[in-house]
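So the structure is just underneath, and the comments pick up after that.
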Amino acid sequence: MRGNNMKTEENSHEHQVQEQLIRAGKELAGKGLVSGRSGNISIRLMTGNILISATHTFLGMLELDDLIEIDFDGRAVGEGKAPSSERFLHMEIYKARPDVHAIVHTHSVHASAYAFLDRPLRSVNYENDLVLGEVPIVSYAQPGTIEFARSACEGLGNKAAALLQRHGTVAVGEDIFDALAVAELLEDVAKVNYLIDTLSK
Ligand code: 13P
């Protein structure tokens with residue numbers, strides 16, 4: 001009986017997580033933080049596995065079969081579409097950060113430009129100080145590789161977000177809305193930095 005209750009709890013948790021990922025994908029696309037088939041998102045499940053977006057999907061149009069369960073080695077559990085090519089990035093962060101329950105990876109435009117230039121973002125407000133602090137910039141490595149995943153995870157350290165050179169951003173949180181808020185804040189901070197750089201010329 002106890003086993004049945006546990007299964008029911010896991011199923012309802014997974015259902016909730018699926019809904020959250022679909023909502024988060026729409027939010028990211030709606031706010032212009034991802035475009036085309038870029039970006040990927042994931043949530044840590046109660047079982048310890050991860051639910052992640054499938055590779056090559058439009059995050060704004062996620063369907064249930066675009067949400068892929070993977071184990072801690074990044075292997076898909078069951079049949080279906082292939083998981084995101086950035087699953088190692090997500091897995092390395094989940095392994096290193098027990099406090100992280102959700103991850104958002106974007107190519108948001110302004111943040112990507114600062115990452116490209118390897119130019120640190122100035123902190124532009126109190127929320128920025130509190131949530132992001134100094135945002136690390138991770139040197140370029142081939143996306144999708146374990147080497148990239150490890151260096152990004154190391155670069156992120158205990159921070160909420162990092163800039164990834166010639167690639168984009170990664171934002172983490174206690175839940176998906178937290179990670180989403182971090183990704184939005186990071187892009188806003190990059191926009192303000194851009195305006196400061198432009199206006200002060
Ligand atoms: P996936 O479609 O494999 O998740 O990759 C998208 C992406 O943004 C790679 O950086």
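In what follows, residues are counted from 1 in the order of the sequence shown. Order of appearance sets the numbers: ligands from 1, and atoms from 1 within every ligand.
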Worksheet entry | Under 3.5 Å: donor-acceptor pair, side chain of D129, backbone of G133 | no
Worksheet entry | Short N or O distance, T57 and ligand 1, threshold 3.5 Å exclusive | no
Practice prompt. Using the six-membered ring wherever Trp is involved, compare the ring planes of Y94 and H90 and label them parallel, tilted or perpendicular (cut-offs 30° and 60°).
Written response: tilted
Worksheet item: Which pair of non-hydrogen atoms, one from R97 and one from V172, has the smallest distance, and what is that distance?
Response: NH2-CG2, 3.9 Å
Worksheet item: What residue and atom, counting heavy atoms only, is the protein's closest point to atom 2 (O) of ligand 1, and at what distance?
Response: H56 N, 2.7 Å
Response to the item:
closest protein heavy atom to atom 8 (O) of ligand 1 is G39 N, 2.8 Å
Item to complete: Establish, from distance only, whether the side-chain atoms of N49 and E69 form a donor-acceptor pair under 3.5 Å.
Response: yes
Fill in: ligand 1 contact by P143, heavy-atom criterion under 4.0 angstrom
no
Worksheet entry | R23, CZ: over 12 other non-hydrogen atoms inside 6.0 angstrom | no
Worksheet item: Heavy-atom contact under 4.0 Å between S38 and ligand 1?
Response: yes
Practice prompt. Just go through I41, N40, T55, T106 and tell me whose heavy atom is the nearest to atom 3 (O) of ligand 1.
Written response: T55
Worksheet item: Do the rings of H167 and F148 sit parallel, tilted or perpendicular, given the 30° and 60° boundaries?
Response: tilted
Practice prompt. May I ask you to check if ligand 1 and A54 share an N or O to N or O distance below 3.5 Å?
Written response: no
Discussion item. Is there a side-chain contact between R75 and I70 in this structure, where contact means two heavy atoms from C-beta onward sitting under 4.5 Å apart?
Written reply: no
Worksheet, complete the sentence: In ligand 1, the atoms that come under 4.0 Å of a heavy atom of H167 are 10 (O)
Worksheet entry | For atom 4 (O) of ligand 1, closest protein heavy-atom neighbour | S84 OG, 2.7 Å
